[in-house]
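Treat the numbers as computed from the prediction; the structure is a model and nothing was measured. Residue numbers count from 1 along this sequence.
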Amino acid sequence: MNIAVCIKQTPDTEARIKLTEDRRRVDESDINFILNPYDEFAVEEAVKVKENNGGEVTVISLGPDRVTSAMRTALAMGADKAIHLKTDRHPDDPLVTAKALAEVLRAGNYDLIFLGKQAIDDDHNQMPSLLGSLLDMPAATVVIKLEIDGDRVVAEREVDGGHEVLEFNLPAIIGAQRGLNEPRYPSLKGIMRAKKIQIEERSAALEAEQLQVESYDYPPPKEAGKIVGDSADAVPELLRLLREEAKVL
């Protein structure tokens, strides 16, 4: 089976985010970047499908030179190949990214395409659906369970208030959600193997962006907490504050 995984490199979830002076970008000068956490589930599922059905897994990522470290992580987890679409940065417009990825995916003739359901930096949550539209493939997002039998796929996904089960044929696109699997830690053998794999570099031809970020802003600071007492006598005052100030009762 010919499998692709589209991944993104994102700031570490523990990073303290700083904005540039014009507040249109994140200041990357002191940020540790990682493989997008939801993409870890996508890579793990792709490798599991390969182990069960044979074939190979190709990792594809768009971005500057630094994204190769995330690609090495995916290779260490068990992916076989990597394609780097080189740009100065990630576009703000997800459709621009989707079109660049779709061009590579279309030429690769992949049976199954995995992505994380969203990236934790911009949270657009659009890429699996955009690629499904551009490639004319069924796309299941927020997937927490996947079964493949020949060309037949059964995907269970989270929806508001419950789960939804979809059935469709390959080729197809899967947007992985937390709970789909437990991503493996790269072994020392896998890390050494990943270092030897040549990452294919291609120049990304990006269209003009229709969506532009005007500015980012920091969330408002949290108000200091209140201590109303340290005994049962404080309960009436606590209830009053929850009702009149916090308005949660």
Shortest non-hydrogen contact from Ile83 to Tyr110? CD1-OH, 4.2 Å
Is there a side-chain contact between Leu95 and Gln126 (heavy atoms, below 4.5 Å)? no
State which residues pass salt bridge (charged side-chain N to carboxylate O under 4.0 Å, His left out) with Glu164; sequence neighbours excluded, sorted by chain then number. Arg157
Do Leu180 and Val43 land in one hydrophobic cluster if side-chain heavy atoms of ILVMFWY residues count as linked below 4.5 Å? yes
Would you say the side chain of Lys48 lies within less than 4.5 Å of the side chain of Leu146, judging by non-hydrogen atoms? no
Gap between atom CG of Leu19 and atom CZ of Arg23 - 0.5 Å precision: 5.5 Å
With side chains defined as the heavy atoms from C-beta onward, is the minimum distance between Phe33 and Glu28 less than 4.5 Å? yes
Hey, any chance Ile3 and Val153 share a hydrophobic cluster, counting ILVMFWY side chains that come within less than 4.5 Å of each other, even indirectly? yes
Where is the tightest heavy-atom contact between Ile144 and Arg178, given as atom of each residue plus distance? CG2-O, 3.9 Å
N/O donor-acceptor pair under 3.5 Å between Arg16 side chain and Asp30 backbone: no
Is the CG atom of Asp88 crowded by more than 12 outside heavy atoms at less than 6.0 Å? no
When you compare the side chain of Glu156 with that of Val143, does any pair of heavy atoms fall below 4.5 Å? no
Nearest-0.5 Å distance, NZ of residue Lys145 to CD of residue Glu158: 13.5 Å
If two hydrophobic side chains count as joined below 4.5 Å and joins carry through other members, does Leu170 share a cluster with Leu166? yes
Taking the side chain as every heavy atom from C-beta outward, state whether Lys50 and Asp80 have any atom pair closer than 4.5 Å. yes
Side chain proximity check, Ile148 to Met1, heavy atoms < 4.5 angstrom: yes
What's the shortest heavy-atom distance between Ala208 and Val96, and which atoms? O-CG2, 3.8 Å
Pair Gln9, Asp39 - check side chain to side chain contact (heavy atoms under 4.5 Å, CB included), show working. CA-CA 9 Å; Gln9 189 185 50; Asp39 293 346; over 6 Å; no
For Arg240 and Glu237, run salt bridge (Lys or Arg N to Asp or Glu O under 4.0 Å): C-alpha distance rounded to whole Å, both residues' side-chain angles, the deciding distance at 0.1 Å, then the answer. CA-CA 5 Å; Arg240 185 190 70 79; Glu237 176 65 6; 2.8 Å; yes
Donor-acceptor pair, side chain of Arg24 and main chain of Val213, under 3.5 angstrom: yes
If every non-hydrogen atom of Val59 is compared with every non-hydrogen atom of Ala74, which pair is closest and at what distance? CG2-CB, 3.7 Å
Give a yes or no answer on whether the side chain of Asp111 reaches the backbone of Asn2 with a donor-acceptor pair at less than 3.5 Å. yes
I'd like to know whether Lys81 forms a salt bridge (Lys or Arg N to Asp or Glu O under 4.0 Å) with Glu200, so could you lay out the CA-CA distance, the side-chain angles of the two residues, the decisive distance to 0.1 Å, and finally the verdict. CA-CA 8 Å; Lys81 298 180 180 179; Glu200 180 183 347; over 6 Å; no
Ignoring hydrogens and angles, tell me if any N or O in the side chain of Asp12 forms a donor-acceptor pair with the backbone of Asn32 under 3.5 Å. no
Can you give me the closest heavy-atom contact between Leu75 and Ala194, atom names plus distance? CB-CB, 3.7 Å
Flag the pair Ile34 / Thr10 as yes when at least one side-chain heavy-atom distance between them is below 4.5 Å, and no otherwise. yes
Do Arg25 and Tyr216 form a cation-pi contact, if we require the NZ or CZ to be under 6.0 Å from the six-membered ring centre and within 45 degrees of the ring's axis? no
Sort out for me which residue in Asp121, Asn36, Thr97 forms a side chain to side chain donor-acceptor pair (under 3.5 Å) with Lys8. Asp121
Is a side-chain N or O of Thr73 found less than 3.5 angstrom from the main chain of Ser69, in a donor-acceptor match? yes
Check for a donor-acceptor pair, side chain of Asp92 on one end and backbone N or O of Glu209 on the other, with a separation under 3.5 Å. no
Whether the side chain of His90 engages the backbone of Pro64 through a donor-acceptor N/O pair (distance < 3.5 Å, no angle test) should be reported. no
Examine distances only and state if a side-chain atom of Ser61 and a backbone atom of Ile7 form a donor-acceptor pair shorter than 3.5 Å. yes
Count the heavy atoms belonging to other residues, nucleotides or ligands that lie under 6.0 Å from CD of Glu14, then report whether that count exceeds 12. no
Please report the C-alpha distance between Leu105 and Leu134 in whole Å, then the side-chain angles of each, then the deciding distance to 0.1 Å, and finally whether the side chain to side chain contact (heavy atoms under 4.5 Å, CB included) criterion is met. CA-CA 10 Å; Leu105 294 167; Leu134 292 170; over 6 Å; no
Please check this pair: side chain of Asn181 against backbone of Phe41, looking for a donor-acceptor N/O pair closer than 3.5 Å. yes
For Asn52, I'd like to know if atom CG has over 12 heavy atoms of other residues, nucleotides or ligands within 6.0 Å. yes
Just wondering, are more than 12 heavy atoms of other shown residues or ligands nearer than 6.0 Å to CD in Glu103? no
Report whether Leu131 and Val142 are members of the same hydrophobic cluster (ILVMFWY, side-chain heavy atoms less than 4.5 Å apart, transitive linking). no
Check step by step if side chain to side chain contact (heavy atoms under 4.5 Å, CB included) holds for Arg184 and Glu44. CA-CA 7 Å; Arg184 69 192 69 188; Glu44 174 64 26; 2.7 Å; yes
For Leu130, is there any backbone N or O sitting under 3.5 Å from a side-chain donor or acceptor partner on Ser133? no
Full working for side chain to side chain contact (heavy atoms under 4.5 Å, CB included) between His84 and Asp65: CA-CA 9 Å; His84 178 197; Asp65 289 341; 4.2 Å; yes
List the atom of Gln210, the atom of Asp93, and the distance in Å for their closest heavy-atom pair. N-OD2, 2.9 Å
Output the distance between atom CG (Asp122) and atom CE (Met127), rounded to the nearest 0.5 Å. 7.5 Å
Less than 4.5 Å apart, any side-chain heavy atom of Lys195 and any of Arg72? no
Over 12 foreign heavy atoms within 6.0 Å of CG, Asp149: no
Above 12 or not: heavy atoms from other molecules or residues under 6.0 Å from CG of Asp123? yes
More than 12 foreign heavy atoms under 6.0 Å from CD of Glu244: is that the case here? yes
Answer yes or no: does atom CD of Glu207 have more than 12 heavy-atom neighbours from other residues, nucleotides or ligands under 6.0 Å? no
From Thr58 atom OG1 to Ile113 atom CD1, the distance as rounded to the nearest 0.5 Å: 11.0 Å
Should Leu115 and Leu62 be counted in the same cluster of Ile, Leu, Val, Met, Phe, Trp and Tyr side chains packed under 4.5 Å apart? yes
